[in-house]
Amino acid sequence: MDHQGEFRRAALELGVPDDEISRFVRHLRLSIGLSVGGGSTVGQYGGLPWLPVGMKWPSAGDIPLPLLLSVDCGALPRVDGFDLPADGTLLFFVHQERDHEDRSGNYARVVYVPDGTETAVAEAPGSECVRERFDVGAALRAELPLWLQEGEDEDWHEFWEDLEWEDMSPFQQRLRLHMERDLPHLDELRSLAHDLWPSGAGLVIGGYADDEVISSIAEQTLAGREKAGEIPPIPIAKWYSHLEEEKHRMTSEWISLAGESRTYEEYCTRFVIRHDDLAAARVDKALAVTTFEAP
C-alpha cells in the first residue's frame, strides 16, 4: 500500500501545501505495533522458539537466553524504507537482567530463519529461560523524531518549550527555525499522522530508535572519532551541541528493529540496527540495550 500517498492526499484535503507535506514526510516513519489480540497472529511474545534442526538454543557461555519475541516477516505489514526480509522468521533472545548489568551485547541475540529451513520446536535448557507465551497481532503506527513530537516525553518537551533563543545551541536554533519556517502546519500534520496510524502497543517493530539508545551510540562514536584524531578536540562547553548533531545524523543511519514500550519497575529491551545491515539481512549486527524503568 502507498502509505505516503495516503498521507499526502489526506493532508492536501486539509489545505496543507504540497511542498510542506514533502518536508514533513521526510521525518515521518511508520512502525509496526504488536499487541495481544490485535488481529491476525503475526508472531509470539515469549514461549518456545522454532529453530533450525540441529541449532542449539542461543546462549552466552553456559547461560541460555530467553526468547523475548518471534515474528513471521511475511505476515507483517510492509513499510516503505524498512527493509525487513520479505519472508522467514526473526527471533529475539535476551537475558534482560544480565544485559542491563553487562552492556557488552553478549546477552542478546537476533536470529533469522529463512523460509524453507527445516525447523523444530527447541527444547528449553531450563524453565527459567521460558517466558509465558502470548500470540500477537500487528497494526501500523506513526512515529516522529523526538524533536517533532508533542509532549510525549514531558521532561524533554518542557525543557524545549522553556528555552530562550539565546540559551539554545546553534543546532537547536536550526531545528527551531526549521519547525517555524518550513513546517507552519506542524500541529495539523502531526495530528493527521497519528489519526491515520494511532500509537499504543507494548511491542514495536521498526520506527525511530529510542533516544536513550541513540544517545549512547552517538556518545561512544563521537568520543571514538575524537580519540582517533578524525575530528578536532571538542571543548567541554560545546560537547552537548556536537552530541546533538551526531544523534540527529544517526537517526537516519540507525532504525529500531524491535523494542518494548517503557514500563515502570520492569526491564525493557530495545534492538537497533543500521539500515544497510537490515537490508542485507545481517541481523547479527543488531545492538540491544536493556534498561530498568524505575518510577
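Keep in mind that what you see is a predicted model, and the values were worked out from it rather than measured.
Residue Leu65 belongs to a hydrophobic cluster whose other members are Leu48, Trp50, Leu51, Met55, Trp57, Ile63, Leu67, Leu91, Phe93, Tyr107, Val111, Val113, Val121, Val130, with links defined by side-chain heavy atoms closer than 4.5 Å.
Of the possible donor and acceptor atoms, none in the side chain of Arg109 sits under 3.5 Å from a partner among the backbone N and O of Asp284. Formation of a donor-acceptor pair under 3.5 Å by the Ser59 side chain with backbone atoms of Gly61 is found in this model. With hydrogens and angles disregarded, a donor-acceptor distance shorter than 3.5 Å links the side chain of Thr251 to the backbone of His248. Between the side chain of His100 and the backbone N or O of Thr290 there is at least one donor-acceptor pair closer than 3.5 Å. Under the 3.5 Å distance criterion, the side-chain polar atoms of Thr117 are matched with a main-chain donor or acceptor of Pro114. No side-chain donor-acceptor contact under 3.5 Å links Arg270 to the backbone of Leu287. When atom types are taken as modelled, the side chain of Gln44 and the backbone of Gly46 share a donor-acceptor pair closer than 3.5 angstrom.
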(request) Kindly indicate, with the supporting measurements, whether the criterion salt bridge (charged side-chain N to carboxylate O under 4.0 Å, His left out) is fulfilled by Arg249 and Glu246. (result) CA-CA 5 Å; Arg249 183 186 69 81; Glu246 185 68 12; 2.6 Å; yes
(request) Take Ser216 and Gln220 through the test side chain to side chain donor-acceptor pair (under 3.5 Å) and record every step on the way to the result. (result) CA-CA 6 Å; Ser216 176; Gln220 293 177 44; 3.2 Å; yes
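By the 4.5 Å heavy-atom criterion applied to side chains, Asp210 and Thr291 are not counted as neighbours. At a threshold of 4.5 Å between non-hydrogen side-chain atoms, the residues Ile21 and Phe7 count as touching. When side chains are defined from C-beta on, Thr269 does not count as touching Phe92, because their heavy atoms never get closer than 4.5 Å. Between Glu188 and Phe24 the shortest side-chain heavy-atom distance does not fall below 4.5 Å. Counting heavy atoms from C-beta outward, Val79 and Ile205 have side chains that stay 4.5 Å or more apart. You'll find the side chain of Pro17 reaches within 4.5 Å of the side chain of His185, heavy atoms only.
Note: the hydrophobic cluster containing Val136 also contains Leu68 (ILVMFWY, side chain heavy atoms under 4.5 Å, direct or indirect links). The cluster map of Ile, Leu, Val, Met, Phe, Trp and Tyr, joined by side-chain heavy atoms under 4.5 Å apart, puts Ile255 and Leu140 in the same cluster.
Within a 6.0 Å radius of CD in Glu118, no more than 12 heavy atoms belonging to other residues, nucleotides or ligands are found.
Closest approach of Ile273 to Val283, counting heavy atoms only: CD1-CA, 3.9 Å. Of all non-hydrogen atoms in Ala138 and Pro77, the two that sit nearest each other are CB-CD, 3.9 Å.
A side-chain donor-acceptor contact under 3.5 Å links Arg8 and Ser22.
Shown here are the side-chain contact (heavy atoms from CB on, under 4.5 Å) partners of Asp115, two or more places apart in sequence or in another chain: Asp87.
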